Asker: 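Handing you a structure now.
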Protein chains: 2
Amino acid sequence: MTKWVYSFGDGKAEGGSKDKNLLGGKGANLAEMSNLGIPVPAGFTISTEVCTYYYENKETYPSDLKDQVTAAMAGVEKIMSAKFGATDGPLLLVSVRSGARASMPGMMDTVLNLGLNDVTVQNLVKLTGNERFAYDSYRRFIQMYSDVVLGVGKHEFEILIDHYKEKVNKVYDVDMTADDWKALIEQYKAEVQKETGKQFPQDPQEQLYGAIGAVFGSWMNKRAITYRKLNSIPDHWGTAVNVQAMVFGNMGDDSATGVCFSRNPSTGENLFYGEYLVNAQGEDVVAGIRTPQPLSLAEKTAIGSDLPAMEETLPSLYHELVSFRDRLETHYHDMQDMEFTIQKGKLWMLQTRNGKRTAAAALRIAVEMCEEGVIDKAEAVKRVDPAQLDQLLHPMIDPKATKDPLGKGLPASPGAASGQIVFSAEDAEAWAKAGKKVILTRIETSPEDIGGMHVAQGILTTRGGMTSHAAVVARGMGTPCVAGAGELRIDYAAKTITAGNRVLKEGDVITIDGSNGQVLNGEVPKIQPELTGDFGKLMGWVDEIRKLRVRANAETPLDASTARNFGCEGIGLCRTEHMFFDPQRIIHVREMIVATTLEERRAALEKLLPYQRDDFIKLFTIMAGLPVTIRLLDPPLHEFLPHTDADFAEVANAAGKTVADVKAKASQLHEANPMLGHRGCRLGITYPEIYEMQCRAIFQAVADVKMKGETVLPEVMIPLVAVKSEFDRLKKMVDAVAAETMEKTGAKFEYMVGTMIELPRAALIADKIAEGAQFFSFGTNDLTQTTFGLSRDDAGPFLVQYQELGVIPNDPFASLDQEGVGELMKIASERGRKTRPDIKLGICGEHGGDPASVHFCHLIGLNYVSCSPYRVPIARLAAAHAALGVGMVSTTA
Amino acid sequence: MTKWVYSFGDGKAEGGSKDKNLLGGKGANLAEMSNLGIPVPAGFTISTEVCTYYYENKETYPSDLKDQVTAAMAGVEKIMSAKFGATDGPLLLVSVRSGARASMPGMMDTVLNLGLNDVTVQNLVKLTGNERFAYDSYRRFIQMYSDVVLGVGKHEFEILIDHYKEKVNKVYDVDMTADDWKALIEQYKAEVQKETGKQFPQDPQEQLYGAIGAVFGSWMNKRAITYRKLNSIPDHWGTAVNVQAMVFGNMGDDSATGVCFSRNPSTGENLFYGEYLVNAQGEDVVAGIRTPQPLSLAEKTAIGSDLPAMEETLPSLYHELVSFRDRLETHYHDMQDMEFTIQKGKLWMLQTRNGKRTAAAALRIAVEMCEEGVIDKAEAVKRVDPAQLDQLLHPMIDPKATKDPLGKGLPASPGAASGQIVFSAEDAEAWAKAGKKVILTRIETSPEDIGGMHVAQGILTTRGGMTSHAAVVARGMGTPCVAGAGELRIDYAAKTITAGNRVLKEGDVITIDGSNGQVLNGEVPKIQPELTGDFGKLMGWVDEIRKLRVRANAETPLDASTARNFGCEGIGLCRTEHMFFDPQRIIHVREMIVATTLEERRAALEKLLPYQRDDFIKLFTIMAGLPVTIRLLDPPLHEFLPHTDADFAEVANAAGKTVADVKAKASQLHEANPMLGHRGCRLGITYPEIYEMQCRAIFQAVADVKMKGETVLPEVMIPLVAVKSEFDRLKKMVDAVAAETMEKTGAKFEYMVGTMIELPRAALIADKIAEGAQFFSFGTNDLTQTTFGLSRDDAGPFLVQYQELGVIPNDPFASLDQEGVGELMKIASERGRKTRPDIKLGICGEHGGDPASVHFCHLIGLNYVSCSPYRVPIARLAAAHAALGVGMVSTTA
């Protein structure tokens, strides 16, 4: 005989938390509490195997299920000293809930008070002496049951209540009397009769099986199927059904209900924390009509409450609750979020689960529990969610502040910032020089805006996605950014932002919250992050655990220092072109571009060389002893050309050309698809003098810093390689410049030459490229664009729709597409290692800071990830999680 | 003892044409002729193994080589009854030539008259009684030897001759006397002494080994290495050295020299054809100072020559030559290109090789030889080069016409055309309606120009590459096109083209040659192609042999009929968007795009439906019984939007919007990288009503044509699929519309639903997509763009440089990149077939008409290729070549 039904209650249970697959999460948890001797209302769980049986057998139940349910119900009746369906004497009412392995939206949730009918409700009146309570319970049951089991009345019942209230001139449910509910119950039943053609079921057994059937039925409803598909939950897992005795906290002043946390979920402080209400039901605590009371005296003092604490009013029950709290936290080794009900002086625990907490609390609880010896270091590391960690690294809006929202965009770069609105990078720089704090507000940003972006407190754009220029650069700089706030309209000419019918002018103060995308009016108070000792301790443990190294994407000294402070182990991507936009330099870059002869081009490059060399000297000095990967020029040349007539004139003047010449050059360089254009190593092949200048600057800087006694580990990276000969040709050039520099300076130094793998073709021929390349760095931004055929600048509008429709689970620019892009990374890693077993493999796309992507990189055996400086701690933690085998998100079905 | 040296001559030889690897092409051929009993001047070949030995042993020779050379030279002396280095009595002079397996530019070519020195030259005077001849031969030898063996004098000797002629007041070489040459020889020798520090070698043995060493040395020179790399020739193949007795056609009136073809190389007619000169050397025939005489009387009549034919003057030698011609053609089973010399009444054959021929000749020779029983059908098919076949399908410029070139562009679509210049599509249509022939002349074309392109005789653009819009569309229509003629400057405002200092106005007549890219002034006479009976015969044999099916890319009735006439087996790609550009329709397309509600969009689509349905009815009727693959809308919507203010106004008016609305929509739809933008199935997902309309039009047409009793085999193709759910979602829609149409019309029909594989991601997850897709069509244009990260619209300038620098061997948009794109095709084919063994696989990119690419498609087992109508015969022939295992071009090293 197969066992289909598992009982719990009275200090014991069939099964426990290890039986999640069989009992579902909720059932396993209830059994576990019962086993611990914690008083939980008795009940039983119909296992997930019944669900599987149900669907494998044309939606029928095993023949022996009914007997087992009957027996289990008898057990519950015995423990609870009450009878299911009793018309006289103690009455057992039950709740029926679904319970899959993981909680799942779309599944039937809960039916309460099951067992009530026209007769038992009268027994309940007798037993409680509270007619209003009994009939209110009954009508709630009819309402819930009709909705979730019979699929009728949801909307109609609301209308019936509204009409009724109107008729009797009442507003709130609390105003309703027993007679009011009685009258409504008759209307409900009539509605059910009308809709279903049948009477509302009066037989408690029929009610019970109706509810059980509804749970199993909901496993295959559309929302549940979609959810499972998106979350890779197999259909055959099935759901369990939990049937449990009801207890009531509203049976008089010796009854109560409450919620509590074993530690403070906001701060993490090891202090018992919660609230309760006398003579109330769970939903009353939530509804907020009555003010809940504190549990402990300490808490009462802390929050300055003048209501009596449970410790004062119900001291023995309070101490019993504290003992349960201790037992549960010790048992689960984690902060618990618990619900309890006191029914006529008896304390019942209804639920315990690991409590949600803020990032700060998560950190403190993990570290303290480790120090208390409750958990080990690995477990402490597991307890902090890398995605959440980001909150700790940036200022946050004070949760208690009042907010005046203007609109919402994408949370493009975390942290909150306030400042005066300016509409151009030039204004941002001018105002900042004058000591003002500004928010740079643009429709979108371009590389020319870099100066203004650097001095702004925050950046707001009305167009563009999570990987727009503004977003990428802002994250790199750690500057808060809200991108693509489409409801706001910017008028550059009038220098205004329009939000609905409000118009803000240049100089008005706004606050942006880059952690959630909010744009708020005025200055809003913020909380500054404190990287306390706990942070340092945890990150120390993280570093002991992880296998992946973590580098930073950085090119400015500020970024590099920030990254090193955040514990990076080198630079994985220094984008040399970012060094070209400085106003002193851009003119020479433009001269170089409009040059018509090699000599002119060389002359312009010669002027750039000292700037680049000084940049590299600074970087190498900051990163002394750590590897620094420098990518040679990547973007197409037209990205550096000006847009205004004044700028055209300036370039023409500097280069000794006419404005028409310069404009003709700009038009000649224009590209239909610049992403797929004349860029990367294609520039290095067709204008070798550009890469030569860059290499000369790099190696001169290496020689300089090395001669000062520092260790320099330069890695020269060739971008956008598609065919082997591109790489071979350019490596030869790099080697030649290195040899020449060693000879000229007399310095001896080591260096590596490698390539980005950012085109599908490069991934496919990685074995051949590895013959010359000493390292690969996966440029997953471009690799995603080419593998998907998807421009990150343009994909915003339809990617959002794609996610809404469930066509794709996530934005592939935010979290690595493991099925497609990941497959190419695997191919490239395998092929590259086949040729060169010690090849160094890393990733330097935006994905390097995304925990799920970091996990994937760990799994395919990369040596390092590289991400923006502010994401370094997140990547370190994610790498540790990966090494511990937690937190993997798969995008494949 | 290893045999290093192989002799030939006197009707026998060591080795023959099967020994190409050992003897090189030239050596094997000479041996073969000798074996056939054809009189060739005796000689010997130093095998390629010596070359390999030479490089494996620090550039030294095998110890026993010298003995073998000496023995072989003794053999030659015996056969030729002359002595190498003889100062008295018969003198043997030799030529030394390189000879690799395949002829290879960059290798040392030839040293003639080797063995002459200050003493032997006097013997030569005695022997020939011709002092001028002897000294001229000596100075030629010094000049050649110094250049190719000693590496000196090339330029200096020319200067010496010029100065000398100036001094003695002579202009031509023929004016120079024996004394003049003697004087110059002294100057040459002095120059050699000055440059090399050594005397010019007088010892014939030293000369011989110097020349042999130069041949082996040239195997590793830079040009040869580069050539081998580009043509995938391994270094270890090595070259052979051929040493052969000299014979002279300029030893009096009983000496002569000539060249001949066994059949007419222009027409293919089976008529012996050639020319000769009495008392002359080979180079005199080429130099054109004397008019060569015809060989046969028939030829003399045919060309209307009044010079005596060899058949008249030297009848017995003529008949001997004819007998050699017969023997060689029969032996080689192919038309031969031969060289001969008559020295003092003795006929020597110096060379025979398969002759180059025009496409028309190739076709005729192949068919006639097959009918003569010389070769079989398979061999006949092999003899016609698919690439050459293209010439036969289009008008050609008469080779005899005088030409006045204006400039040159890319040969974008073959054929020649003349017409009056017009500068806009509208003008083209207006002028054509007025009965004029026009050449549409644009900087570049866009989809809006399609009407004008259709009526033009030819298309000329000054920007864009082989896969620019103009080029692709022109090839599809079979209209001649020259693209990217960058030297020409178009001024739309003035309506002129400037070519150098010439200015052509609207209405001036030009001729373009799309087969070679030439732009010519005025009307130039053309030859019309005749698809003679030979063409039909050969194509019949082709179809018996090939395995791959050949379809056409076509959407207009004209294209479809053309393709069917050219023997296509269905349509592999009908680009529905091309049907949208008709002036009657484009307005509705634009209405649809600017619609702000679903209802407006549906209303506009409703107006388009009848047009699309009628298009499909026509296509299905023309293609009755053959499959027709219809691709749903692919380009981004903004491609359909207007550019002029008038057009904006018209759209606004038709759609009931303001011009500002329409412009705002255009700006909203603008994309930074449209190639990677909101297009293909992304449109189908986000605007399902568009694809629904198209499917409705398709299936209504299917029902219509089917009810008329025709067989219709529609295949609906979803473009740009990247993730499985895109395909699944849209297949469901297609199926629903099909079912609905069957129900409404009462027709029952079959159809298939499949997808383009045009993104790397789709190739990688082909196994998953194949769960729903019944066919794949490789869209190799886009697959090349994404795999390479290369925009075909932008790549022109640097791809040309890449090819020049040898970074890539060919334009990957013209010939499939087998290493990268081909790898993805292999992956997708394997994975697709794993899931669905009978999945139909095809290719519909531009590569479908490229012979090397067709070969690759055959090798990976595709079912069909699809190409533009005019390339259908080429693809058929290429497919037959592939089935016969010839003509494979590999792009991998």
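Side-chain atoms are counted along with the backbone in the values below, which use heavy atoms only and exclude waters and symmetry mates. Labels below follow one simple rule: chain letters A, B, ... track the order of the sequence lines, proteins then strands, and each chain is numbered from 1. This is a predicted model, so every value here is computed, not measured.
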Asker: Mind ranking A/Leu805, A/Leu683, A/Asp782 by heavy-atom pairs under 4.5 Å with chain B and telling me who comes out on top?
Answerer: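 Option with the top pair count is A/Leu805.
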Asker: Determine the option with the most heavy-atom pairs under 4.5 angstrom with chain B, choosing from A/Met675, A/Gln785, A/His678, A/Arg463.
Answerer: A/His678
Asker: Return yes if some donor-acceptor pair links the side-chain N/O of A/Thr462 with the main-chain N/O of A/Gly486 below 3.5 Å, else return no.
Answerer: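 No, because the side chain of A/Thr462 does not come within donor-acceptor range (under 3.5 Å) of the backbone of A/Gly486.
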Asker: Atom SG in A/Cys681, atom CE in A/Met756: separation rounded to 0.5 Å?
Answerer: 11.0 Å
Asker: Listed by chain and number, what are the side-chain hydrogen bond (donor to acceptor under 3.5 Å, both in side chains) partners of B/Glu692, not counting sequence neighbours?
Answerer: none
Asker: Could you tell me whether the side chain of B/Ser791 and the main chain of A/Leu676 form a donor-acceptor pair under 3.5 Å?
Answerer: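 No; zero donor-acceptor contacts below 3.5 Å.
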Asker: Highest number of heavy-atom pairs under 4.5 Å with chain B: which of A/Gly677, A/Pro674, A/Pro636?
Answerer: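 Among A/Gly677, A/Pro674, A/Pro636, the one with the most close pairs to chain B is A/Pro674.
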Asker: For A/Thr498, which residues count as a side-chain hydrogen bond (donor to acceptor under 3.5 Å, both in side chains) partner, sequence neighbours excluded?
Answerer: none
Asker: Which one wins on heavy-atom pair count under 4.5 Å against chain A: B/Thr786, B/Leu764, B/Val723, B/Asp794?
Answerer: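 Most pairs with chain A among the choices: B/Asp794.
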Asker: Below 4.5 Å, heavy-atom pairs only: which of B/Leu824, B/Val821, B/Leu720, B/Thr686 has the largest tally toward chain A?
Answerer: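 Ranked by heavy-atom pairs under 4.5 Å with chain A, first place is B/Thr686.
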Asker: Do B/Ser667 side-chain atoms and B/Lys663 backbone N/O form a donor-acceptor pair below 3.5 Å?
Answerer: no
Asker: Could you look at B/Gln801 and say if it's the side chain, the backbone, both or neither that has a heavy atom under 4.5 Å from chain A?
Answerer: side chain
Asker: Can you tell me which portion of A/Ile765 sits under 4.5 Å from chain B's heavy atoms? Options are side chain, backbone, both or neither.
Answerer: side chain
Asker: Quick check on B/Ile827 against chain A: is it the side chain, the backbone, both or neither that has a heavy atom closer than 4.5 Å?
Answerer: side chain
Asker: Less than 4.5 Å to any heavy atom of chain B: does that hold for the side chain of A/Arg682, its backbone, both, or neither?
Answerer: both
Asker: Side chain, backbone, both or neither: which part of A/Glu823 has a heavy atom under 4.5 Å from chain B?
Answerer: side chain
Asker: Report the C-alpha distance between B/Glu819 and A/Lys724 in whole Å, list the side-chain angles of each, state the deciding distance to 0.1 Å, and finish with yes or no for salt bridge (Lys or Arg N to Asp or Glu O under 4.0 Å).
Answerer: CA-CA 11 Å; B/Glu819 184 180 65; A/Lys724 180 180 188 313; over 6 Å; no
Asker: Counting only N and O atoms by type, is there a donor-acceptor contact under 3.5 Å from the side chain of B/His847 to the main-chain atoms of B/Pro812?
Answerer: yes
Asker: Using a 4.5 angstrom heavy-atom cutoff, name the option from B/Glu758, B/Arg679, B/His670, B/Glu671 with the most pairs to chain A.
Answerer: B/Glu671
Asker: Give the member of A/Leu799, A/Ile685, A/Asp728 that has the highest number of heavy-atom pairs under 4.5 Å with chain B.
Answerer: A/Ile685
Asker: Do any N or O atoms from the side chain of B/Tyr492 and from the backbone of B/Ile443 form a donor-acceptor pair under 3.5 angstrom?
Answerer: yes
Asker: Between A/Gly789, A/Gly820, A/Ala795, who has the most heavy-atom pairs with chain B when the cutoff is under 4.5 Å?
Answerer: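 So the answer, after comparing A/Gly789, A/Gly820, A/Ala795, is A/Gly789.
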Asker: What part of A/Ala672 gets within 4.5 angstrom of chain B, counting heavy atoms only: side chain, backbone, both, or neither?
Answerer: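 Both parts, backbone and side chain.
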